[in-house]
2 protein chains.
Amino acid sequence: MTKAPRSGPYICGIDAALDVVSGKWKGLILWELDEHGVRRFAELRRGLPGVSEKMLTQHLREMEADGLVHRQVHAEVPPRVEYSLTEHGHTLNTALAPLGAWGVDRLRRERSDLVEHRDAAALPRP
Amino acid sequence: MTKAPRSGPYICGIDAALDVVSGKWKGLILWELDEHGVRRFAELRRGLPGVSEKMLTQHLREMEADGLVHRQVHAEVPPRVEYSLTEHGHTLNTALAPLGAWGVDRLRRERSDLVEHRDAAALPRP
DNA sequence: CAGTATCCGAGTTGATACTG
DNA sequence: CAGTATCAACTCGGATACTG
């Protein structure tokens with residue numbers, strides 16, 4: 001088994017939306033796929049420094065089940081699997097944009113991680 | 001102890017933002033405080049059907065530490081404690097609005113919980 | 001009223017090894 | 001390459017009981 005099907009009913013939309021993006025790497029996966037359009041398993045892995053194969057697979061499966069991600073398997077040797085966002089995944093990403101901006105502000109306020117304070121420059125990745 | 005201080009650094013804003021709203025009731029707490037302005041402990045409890053005192057306290061403490069919630073203690077008998085959103089909490093809520101709308105759409109698509117299908121009417125709580 | 005303190009089971013994440 | 005399988009930590013959330 002992979003995911004807890006959520007115990008009770010959703011009380012509001014925020015609730016229902018947070019449920020599908022809660023997971024250590026889901027926000028990043030969404031961002032990565034939105035940025036590049038199509039990504040192979042190994043490419044995603046490289047884009048998410050520190051993720052384990054297990055977690056990446058698990059998150060991708062859940063997001064596929066939630067209708068956010070499309071999984072295209074090419075019957076070749078060596079195997080090739082491509083992941084991309086579905087329409088819903090894309091609209092979710094759009095809805096996530098303001099939150100991303102807020103997060104960047106939060107990071108700026110705390111100037112902790114991400115920027116090592118050497119330069120007020122580049123804060124990539126919305 | 002209450003919360004894992006997060007292992008690694010944040011990679012993007014989405015990441016940093018999701019970290020502060022991930023928790024079973026945080027989205028609802030934000031919504032409740034934004035809606036009513038100021039709420040006492042027991043009022044919040046009533047507004048979040050099913051929450052335990054422990055989780056409510058824990059989430060409120062974390063959100064206070066994250067600078068989202070202000071906690072005002074009145075030195076009275078019986079004790080009175082009032083919670084409200086800080087400026088950051090309010091902007092976060094605003095940034096969360098599109099996500100809430102997406103969530104409502106998701107619920108409509110699946111017509112699962114929330115609406116029992118008897119009527120296409122009321123879908124309260126953004 | 002507004003919490004704290006404990007205990008516990010379930011769920012989530014991580015590390016490692018193996019496969020078609 | 002793109003995964004599975006397994007085991008072990010670690011967290012999260014819930015239940016219960018008690019306090020200033």
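Chain naming here is simple, since letters A, B, ... match the order of the sequence lines and numbering starts at 1 in each.
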Could you tell me which nucleotide pairs with D:dA8 by Watson-Crick or G-U wobble geometry, both distances under 3.5 Å, or answer none if nothing does? C:dT13
Please tell me if B:His59 has a side-chain N or O lying less than 4.0 Å from either OP1 or OP2 of D:dG13. yes
Under 4.0 Å between a side-chain N or O of A:Arg39 and OP1 or OP2 of D:dA2? no
N or O in side chain of B:Arg61 less than 4.0 angstrom from C:dA2 OP1/OP2: no
Using only side-chain N and O atoms of A:Tyr83, determine if any of them is under 4.0 Å from OP1 or OP2 of D:dC1. no
Can you label the angle between the A:Trp31 ring and the A:His36 ring as parallel, tilted or perpendicular, going by 30° and 60°? perpendicular
In whole angstrom, give the distance that lies between atom CE of B:Met55 and atom C1' of C:dA10. 14 Å
Between B:His88 and B:Thr91, the two heavy atoms sitting closest are O-OG1, 2.9 Å
A:Arg40 has a side chain; which of D:dG13, C:dA2, D:dC1 sits nearest to it? D:dC1
Check every atom of D:dA17, D:dG3, D:dG20 against the side chain of A:Glu53 and return the nucleotide holding the closest atom. D:dG3
Measure CG/B:Leu56 against C1'/D:dA15 and give the value in whole Å, please. 16 Å
Quick one: is A:Arg45 getting a side-chain N or O under 4.0 Å of the D:dA2 phosphate, OP1 or OP2? no
Which listed nucleotide (D:dG3, D:dA2, D:dG20) is nearest to the side chain of A:Thr57? D:dG3
Please report, rounded to the nearest Å, how far the P atom of C:dA2 is from the CG atom of B:Leu44. 10 Å
Which nucleotide in the list D:dA2, C:dT13, C:dA2 gets nearest to the side chain of A:Lys54? C:dT13
Can you tell me the pairing partner of D:dG20 across any strand shown, Watson-Crick or G-U wobble, with both distances under 3.5 angstrom? C:dC1
So, the side chain of B:Thr86 versus the backbone of B:Gly67: is there a donor-acceptor pair under 3.5 Å, distance only? yes
In whole angstrom, give the distance that lies between atom NZ of B:Lys24 and atom P of D:dG13. 7 Å
Identify the residue among B:Gln72, B:His74, B:Arg39 that makes a side chain to side chain donor-acceptor pair (under 3.5 Å) with B:Glu82. B:His74
Without decimals, in angstroms, what is the distance between A:Glu43 CD and D:dA2 P? 8 Å
If you take all heavy atoms of B:Gly103 and A:Ala16, which pair is closest and at what distance? O-CB, 4.0 Å
Rounded to whole Å, please give me the gap between CD in A:Gln58 and P in C:dA15. 14 Å
Should B:Trp25 be listed as having a side-chain N or O under 4.0 Å from OP1 or OP2 of D:dC12? no
Could you check how far CG of B:Leu60 sits from P of C:dC1, rounded to whole Å? 17 Å
Please report the distance, rounded to the nearest Å, between CG in A:Asp19 and P in C:dT12. 10 Å
